[in-house]
Amino acid sequence: MTAVARIMLVEDDRAIVENLQAYLTAEGFETTAASGQQEAEQLLTQQHFDLLLVDLSLRDGDGYGVCAAAGQRGLPVIFLTASADEGSVVAGLDMGAADYVAKPFRPRELLSRIRGVLRRSGGYGAVVQLQNVSVDTEKGVVTKNGREIPLSALEYRLLTVFLNNRGRLLSRSRLLEEIWDAAGDFVNDNTLTVYIKRLREKIEDDPQDPTIIRTVRGLGYRVE
């Protein structure tokens, strides 16, 4: 089970990809997009995923082919498609798809279905440990030494960005790209400094000498 669930979105509509990636990332998932069957199948051989969201109609190939490739690896698939006719639904489910969501869909309903499929497949609900800090990625609850830490939406989003990129160096510009609209507010460089300071004050034993969110001078930040 991975600490943060990784989702591949197989969709050739850029607007849907951008909106859905932003939404799922804000909810704590790590997402990778593929525009067609060939790219999706290549990614399956290169990376680990916990779930695939697949559009049936693709410019390159189709969603059924992607579903078959995912099934060979035991990965659950949720179809996202405008083809909501009974035949398409039955065909998708007969191929082993875990669920089927017709477009247009409501993001919160899709999120609920994603979490349900991941729970059933055993690929979700992990508690991530950062020294004496625990992050329940399903409930969105952060505790330190067993006591819950209240985080704002943007503080939690910032923490999940670090969790999704453990061991990686994150520049300030990358962090700004990831969190700027998480709370519906504009986030500039000065605001980022404030939120990192606030997050450290809540999760670090000594915010002046942080051991969880480490500063790499002149380059950015890293969480091991």
I213 and I203, any side-chain heavy atoms less than 4.5 Å apart: yes
T193-N190 side chain donor-acceptor pair, cut-off 3.5 Å: no
Beyond-backbone contact of I7 with L53, side-chain heavy atoms, under 4.5 angstrom: yes
Residue pair D50 / F29, side-chain heavy-atom distance below 4.5 Å: no
Full working for side chain to side chain donor-acceptor pair (under 3.5 Å) between T160 and R157: CA-CA 5 Å; T160 60; R157 172 72 195 113; 2.9 Å; yes
Residue pair K103 / I16, side-chain heavy-atom distance below 4.5 Å: yes
Minimum heavy-atom distance R200-T215, with the two atoms named: NH2-OG1, 2.7 Å
Side-chain heavy-atom pair R6, T32 within 4.5 angstrom cut-off: yes
Within-4.5 Å side-chain heavy-atom neighbours: L80 and L9: yes
Side chain proximity check, Y23 to R108, heavy atoms < 4.5 angstrom: yes
Minimum-distance pair of heavy atoms, taken over all atoms of G36 and V10: O-CG1, 4.0 Å
Contact check, side chains of M8 and L44, non-hydrogen atoms, under 4.5 Å: yes
